[in-house]
Amino acid sequence: MNDNRRNFLKIGSLAGLGIASGSVLAACQTKTENNTIAAATSASNGRENKGQIFNMSGYKAPKLDKVRIGFVGLGMRGPHAVQRMSYIEGVEIKALCDIRPKQLDKVLQTLEGTAHKPDLYSDGPDAWKKMFDRDDIDLLYIATPWDLHTPMAVYGMEAGKHVAVEVPAAKTIEECWQLVETSERTKKHCMMLENCCYDFFELLTLNMARQGYFGEIIHGEGAYIHDLVDLNFNKENGYESMWRLKENIGRNGNLYATHGLGPICQIMNVNRGDQMDYLTSLSSNDFSMHQRAVELAKEDSFYQDYTGADFRGNMNTTMVKTKKGRSIMIQHDVSSPRPYSRIHLVSGTEAMARKWPSPQRIAKGHSWLKEDQMQEVEEKYTPEIIKKVGALAKQVGGHGGMDFIMDWRLIDCLRNGLALDQDVYDAALWSAISPLSEQSVANRAQSIDVPDFTRGAWKTNAPVDISLQGAGNTNVLLRK
C-alpha cells in the first residue's frame, strides 16, 4: 500500500472518529473555521486551467460479466441497497462493512436463502480499508456519513475499484476536485447515487426534453423539502451519533441539493452541452432547531450541548445561471412542518411540467393537460427503461422503485461496458452547490462563480443516453 493511500486512510479514520466523539460546539467551531478558509481562497486553486487527465464523460469501462460488490455503511441507506442488489442478475455480494456488528447481522439475515455469502468487516473504524484492498471486488457501494464519502471514494478508486457513493459525494470544493482527478487518473467510475434521477416522472420529463416536447429549456426548479426535525433529534432510532443533526450546525446553505438538482441538470444537459456559471444563495434564520434543542434539554440533559449550537436557517434558496442563459432554483428545508416536495419543475419555450404539489402535471400554454391528454403523453414518452423494469422496481421497492431502477441501471451498464448516466463530473458539480451556497450566504447572497470540473469538455460531451441500446439484458431475480 503506497504512502498516498495510507494518508487517505488516516484522514478517513480521523473523520470517522470525529463523527462519534468530541463536543458539538467544538465540531461547530471546526466547521466554521473551514468555511471561512474556503471562502477566503480560490474555489479551484487554478485547477480549471489545467487540462483533463482523461475525460470520464462517456467513458466505457471494460465489461464485467459478474459485478462483485462490497458495501460499507449499513445504517439508514445501506441495508436496503444490499437487499435490492440481491435481486439483480450478475451481482455477487462479496463483503459488508460497518462499525456495528449488530447491523451486519441484521443485513446478513436479509440475504438468507440467496447465493450471497459475504464476508463481514467490523473490527474498528479502519475495517473498511481491509475490504477496499481486496482483489475480488469490482464495485464499492458507500453509504456512510457524509464526512467519509470522499476519503472512501478516493481510496476505493486508488485501490482499483469503481465506486458508487451516496449523496452528497463531497462536502468541499477541494474534495470535489479530488474525486474528479482520481477518477480521471485511475479510469474508475465514480457515480453519485442520485436516486431521484430515476424516479418515474423525472425520467418521463427527461425523455420528453430529449424529444423536444418542451422546446428550448428556459428554467428549472428542484428542492429537498422534508421535515426531518424529529428524526435528526432522535438519539435512539435516528442517525448514528447524531451525525446528521451535527451537519446542520455551523453550516448555513443548501446542504442537500442533489435530489432536486440532478434531474434538472440532466434535462438541461449541464456538463454535456451547458454548464453552470455562477450562483447566489440566501438562507432564512433558524426558527425551529434551536427551539427543539431547548425543549428537549428541559427533559433530557443529553441535548444540553445543542442548546448553544449555531443551527442553519430553515429555508435556503439558491439560484444558478448557466453559461447558455438558463436559470435553476434549488431549495432546501428540513426543519419546517411542510409536506414533502422536490418540486421538479421544467419550463421551456413550448411547454412546462411540475411534479409537486401532486398530482404531477404538464401544461401547454395557460392550462394543464386534461387526464386523457396526460395519459397520451405518458404512453408516448415513457422511456424504455421504465417499460423494462418499472413494474419490477415497484415490487422490489426503494422510494417507490426509483432506488431499484438506479441500482439495476448501474449494474446493467457495468455488465455491458456502457457509460454511466452519472459520472464523476456530475458528482462533483452537484455536490459543489453546498459549499458554494455556504459562501454566498455568508457574504449576503453575493454571486459565487461555479467551478467547471470538466475543464471545458462540457462543450463537446454528449448528453445522457437513457435508451437501452446495447443494454437492458440484465434480469431481475424476484424471489418469494
Side-chain angles (χ1 to χ4, degrees), residues 5 8-22 27 31 69-85 93-104 106-107 118-134 137 139-159 161-172 175-176 178-179 182 190-195 228 231-232 237-248 251 255-256 258-259 403 406-407 410 424 427-428 431 434:
R5 286 175 62 194
F8 270 111
L9 173 59
K10 292 177 182 177
I11 293 170
S13 299
L14 291 172
L17 291 172
I19 291 169
S21 64
K31 290 177 181 177
I69 309 179
F71 292 84
V72 57
L74 300 176
M76 292 287 187
R77 297 282 292 155
H80 300 290
V82 173
Q83 191 172 22
R84 292 192 306 270
M85 282 293 188
I93 299 172
K94 297 292 291 185
L96 306 174
C97 178
D98 196 280
I99 60 174
R100 299 156 296 179
K102 288 184 178 180
Q103 288 298 109
L104 291 173
K106 288 180 182 179
V107 175
D119 297 323
L120 307 181
Y121 294 82
S122 63
D123 53 336
D126 294 347
W128 58 275
K129 77 167 183 179
K130 299 176 183 178
M131 185 179 79
F132 282 36
D133 283 335
R134 288 175 56 153
I137 290 178
L139 173 68
L140 294 166
Y141 203 108
I142 301 168
T144 57
W146 301 348
D147 278 341
L148 293 171
H149 286 182
T150 295
M152 285 185 170
V154 169
Y155 190 96
M157 287 185 282
E158 295 280 12
K161 279 78 172 172
H162 299 301
V163 298
V165 57
E166 271 294 349
V167 303
K171 289 178 57 178
T172 68
E175 286 187 337
C176 292
Q178 288 176 16
L179 293 176
T182 306
C190 177
M191 174 181 166
M192 184 167 62
L193 293 162
E194 186 36 76
N195 53 340
L228 296 176
L231 183 61
N232 282 346
N237 300 308
Y239 295 93
E240 177 71 12
S241 301
M242 311 294 284
W243 72 261
R244 190 156 180 177
L245 178 62
K246 294 174 185 177
E247 289 288 354
N248 286 271
R251 301 182 63 197
L255 307 187
Y256 206 66
T258 71
H259 281 343
D403 294 1
M406 173 185 69
D407 291 335
L410 168 59
V424 70
S431 298
S434 295

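No hydrogens, no waters, no symmetry mates; every other heavy atom, side chains included, goes into these values.
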Colleague: Can you tell if the side chain of Tyr141 reaches within under 4.5 Å of the side chain of Val165, non-hydrogen atoms only?
Modeller: no
Colleague: Classify the side-chain pair Thr150/Gln178 by whether it contains a donor and acceptor separated by less than 3.5 Å.
Modeller: no
Colleague: Begin with the C-alpha distance, continue with both residues' side-chain angles, and end with the deciding distance and a verdict on side chain to side chain contact (heavy atoms under 4.5 Å, CB included) for Leu410 and Leu139.
Modeller: CA-CA 10 Å; Leu410 168 59; Leu139 173 68; 4.0 Å; yes
Colleague: Between Met152 and Leu140, is the side chain to side chain contact (heavy atoms under 4.5 Å, CB included) condition met? List the steps.
Modeller: CA-CA 9 Å; Met152 285 185 170; Leu140 294 166; over 6 Å; no
Colleague: Nearest 0.5 Å, what's the SG-CG distance between Cys97 and Leu104?
Modeller: 7.0 Å
Colleague: Ring pair (Phe, Tyr, Trp, His ring centres under 6.0 Å) with His162: which residues, sequence neighbours excluded?
Modeller: His189
Colleague: I want to check something: taking the side chain as every heavy atom from C-beta on, are Thr258 and Met192 in contact at a cut-off of under 4.5 Å?
Modeller: yes
Colleague: Is the shortest side-chain heavy-atom distance between Val72 and Phe132 below 4.5 Å?
Modeller: yes
Colleague: With sequence neighbours excluded, what pairs up with Ser434 under the side chain to side chain contact (heavy atoms under 4.5 Å, CB included) test?
Modeller: Arg251
Colleague: Salt bridge (Lys or Arg N to Asp or Glu O under 4.0 Å) with Arg244: which residues, sequence neighbours excluded?
Modeller: none
Colleague: So does Gly70 get a backbone contact from the side chain of Lys161, meaning a donor-acceptor N/O pair under 3.5 Å?
Modeller: no
Colleague: Mind listing the closest non-hydrogen atom pair of Ala427 and Cys190 along with its distance?
Modeller: CB-O, 4.3 Å
Colleague: Tell me, do Leu179 and Met157 make a side-chain contact under 4.5 Å, heavy atoms counted?
Modeller: yes
Colleague: Could you tell me the separation between the CD1 atom of Ile142 and the CG atom of Leu193, rounded to the nearest 0.5 Å?
Modeller: 9.0 Å
Colleague: Would you say the side-chain atoms of Glu158 pair up with the backbone N or O of Val154, donor to acceptor, closer than 3.5 Å?
Modeller: no
Colleague: Testing the basics here: between Asn232 and Leu245, what is the closest heavy-atom pair and its distance to 0.1 Å?
Modeller: O-CB, 3.4 Å
Colleague: Heavy atoms only: give me the nearest Ser122-Pro101 pair and the separation to one decimal.
Modeller: OG-CG, 3.9 Å
Colleague: Measuring from atom CG of Asp403 to atom CZ of Arg84, what distance do you get when rounded to the nearest 0.5 angstrom?
Modeller: 4.0 Å
Colleague: Is there side-chain contact between Leu96 and Gln103, with heavy atoms separated by less than 4.5 Å?
Modeller: no
Colleague: Whether the side chain of Glu194 engages the backbone of His259 through a donor-acceptor N/O pair (distance < 3.5 Å, no angle test) should be reported.
Modeller: yes
Colleague: With heavy-atom distances below 4.5 Å as the criterion, would you say the side chains of Leu231 and Tyr239 are in contact?
Modeller: yes
Colleague: What closest approach, in Å, do Pro125 and Ile99 show between heavy atoms, and which atom pair accounts for it?
Modeller: CA-CG2, 4.1 Å
Colleague: How close do Pro151 and Glu175 get, counting heavy atoms only, and between which atoms?
Modeller: CD-OE2, 4.2 Å
Colleague: So, Asp98 side chain and Leu74 main chain: donor-acceptor pair closer than 3.5 Å or not?
Modeller: yes
Colleague: How about Ile137 and Met131: do any of their side-chain heavy atoms sit closer than 4.5 Å?
Modeller: yes
Colleague: Closest heavy-atom contact between Pro168 and His149?
Modeller: O-ND1, 2.6 Å
Colleague: Let me see the working for Tyr256 and Asn248 under side-chain hydrogen bond (donor to acceptor under 3.5 Å, both in side chains), right down to the final yes or no.
Modeller: CA-CA 10 Å; Tyr256 206 66; Asn248 286 271; over 6 Å; no
Colleague: Apply side chain to side chain contact (heavy atoms under 4.5 Å, CB included) to residues Met191 and Val163 and explain how you reach the verdict.
Modeller: CA-CA 6 Å; Met191 174 181 166; Val163 298; over 6 Å; no
Colleague: So, using side-chain hydrogen bond (donor to acceptor under 3.5 Å, both in side chains) as the criterion, who are the partners of Glu166 when residues are at least two apart?
Modeller: Arg77
Colleague: Below 4.0 angstrom, N of the basic side chain to O of the carboxylate: do Asp119 and Lys94 qualify?
Modeller: no
Colleague: What pairs with Lys130 under side-chain hydrogen bond (donor to acceptor under 3.5 Å, both in side chains), at least two apart in sequence or on another chain?
Modeller: Asp123
Colleague: Going by the rule ring pair (Phe, Tyr, Trp, His ring centres under 6.0 Å), which residues pair with Tyr121 if we only count those two or more places apart in sequence or in a different chain?
Modeller: none
Colleague: Just wondering, do Lys171 and Glu247 contact through their side chains at under 4.5 Å, heavy atoms?
Modeller: yes
